[in-house]
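Just so you know, residue 1 is the first one in the sequence shown, and it goes up from there.
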Amino acid sequence: MSNIEELNVPFDPFADVDEDNKQQANNNIHLRIQQRNGRKTLTTLQGLPTQYDAKKILKTFKKLFACNGTIVEDEEHGDILQLTGDQRLKIAEFLVEEKIAKKTDIKIHGF
């Protein structure tokens with residue numbers, strides 16, 4: 001290719017960065033809190049690795065944390081676990097202790 005032909009090819013300076021961010025985002029586990037009504041809150045866990053059974057983990061969470069929960073299936077994000085109350089720190093601690101995720105892979109969002 002000559003120098004003139006190379007100028008006609010579009011160059012995307014962020015192409016490799018976008019791919020890296022997508023891979024990093026897929027490895028992360030996101031813990032979020034959502035306000036319901038009054039003082040009531042929901043904790044959502046998104047990005048759990050697929051090799052783990054979400055139903056068994058949810059059952060364990062419900063028993064350990066004395067809360068209720070459910071699994072919401074999303075096309076884009078996969079299975080999302082919802083628990084009542086603010087369980088973000090407890091979930092993060094559990095995932096690290098059981099070696100499901102590293103502390104650096106867990107992102108805690110919310111107020």
Side-chain angles (χ1 to χ4, degrees):
M1 239 196 217
S2 68
N3 290 339
I4 295 175
E5 291 174 350
E6 288 177 9
L7 293 175
N8 291 335
V9 177
F11 175 72
D12 186 7
F14 300 109
D16 59 339
V17 175
D18 288 341
E19 291 173 13
D20 291 341
N21 285 341
K22 286 180 184 176
Q23 289 176 353
Q24 284 181 342
N26 291 341
N27 294 338
N28 289 336
I29 294 177
H30 297 276
L31 296 171
R32 293 184 175 88
I33 189 167
Q34 295 176 345
Q35 190 73 35
R36 285 189 350 172
N37 49 3
R39 294 174 53 189
K40 309 284 184 184
T41 57
L42 275 179
T43 301
T44 59
L45 180 137
Q46 170 192 331
L48 191 66
T50 55
Q51 69 253 27
Y52 298 104
D53 187 11
K55 288 182 182 179
K56 287 183 180 179
I57 290 178
L58 180 65
K59 187 174 181 179
T60 305
F61 284 164
K62 289 167 65 172
K63 190 169 238 172
L64 281 177
F65 309 148
C67 65
N68 200 2
T70 186
I71 298 175
V72 177
E73 296 176 9
D74 187 36
E75 292 178 10
E76 185 178 342
H77 303 293
D79 288 343
I80 299 175
L81 278 67
Q82 286 186 342
L83 299 167
T84 57
D86 186 1
Q87 312 295 342
R88 294 174 294 171
L89 298 177
K90 294 178 188 176
I91 292 172
E93 192 175 301
F94 176 86
L95 295 175
V96 172
E97 284 178 5
E98 296 297 322
K99 295 181 176 60
I100 295 173
K102 297 176 189 167
K103 197 168 189 173
T104 56
D105 293 340
I106 299 173
K107 307 293 180 197
I108 298 178
H109 306 277
F111 44 86

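Linking ILVMFWY residues whenever their side-chain heavy atoms come closer than 4.5 Å, directly or via other members, leaves Leu42 and Phe61 in distinct clusters. Leu48 and Val72 are assigned to two separate hydrophobic clusters, defined by single-linkage of ILVMFWY side chains at heavy-atom distances under 4.5 Å.
Arg88 places a side-chain N or O within 3.5 Å of a backbone atom of His109 that can act as its donor or acceptor partner. A donor-acceptor distance shorter than 3.5 angstrom exists from the side chain of Thr84 to the backbone of Asn68, with no hydrogens or angles considered.
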For this session: With side-chain contact (heavy atoms from CB on, under 4.5 Å) as the test, would you mind laying out the steps for Ile57 and Ile100 before giving the verdict?
Result: CA-CA 11 Å; Ile57 290 178; Ile100 295 173; 4.1 Å; yes
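We find the NZ-CD distance between Lys99 and Glu97 to be 9.0 Å, quoted to the nearest 0.5 Å. From Thr41, atom OG1 reaches atom CG of Asp86 across 5.5 Å, with rounding to the nearest 0.5 Å. The distance from the NZ atom of Lys90 to the CG atom of Leu95 is 14.0 Å, given to the nearest 0.5 Å. Here CD of Gln87 is found 12.0 Å from OG1 of Thr44. Values are rounded to the nearest 0.5 Å. Distance check, rounded to the nearest 0.5 Å: CD of Glu93 to CG of Leu64 gives 10.5 Å. In this structure, Ile91 CD1 and Ile106 CD1 are separated by 9.5 Å, a value rounded to the nearest 0.5 Å.
Of all heavy-atom pairs spanning Ala101 and Ile29, the tightest one is CB-CD1, 3.6 Å.
The shortest distance between side-chain heavy atoms of Leu83 and Leu45 does not fall below 4.5 Å. At least one side-chain heavy atom of Leu31 sits less than 4.5 Å from a side-chain heavy atom of Ile108.
Just one residue in the list His77, Gln82, His30 forms a side-chain hydrogen bond (donor to acceptor under 3.5 Å, both in side chains) with Gln46, and that residue is His77.
Summarising the local packing, CG of Leu89 is surrounded by 12 or fewer heavy atoms from other residues, nucleotides or ligands at distances under 6.0 Å. Within a 6.0 Å sphere centred on CD of Glu75, heavy atoms belonging to other residues, nucleotides or ligands number 12 at most.
Below 30°, between 30° and 60°, or above 60°: for Phe94 and Phe65 the angle between ring planes is above 60°, a perpendicular geometry.
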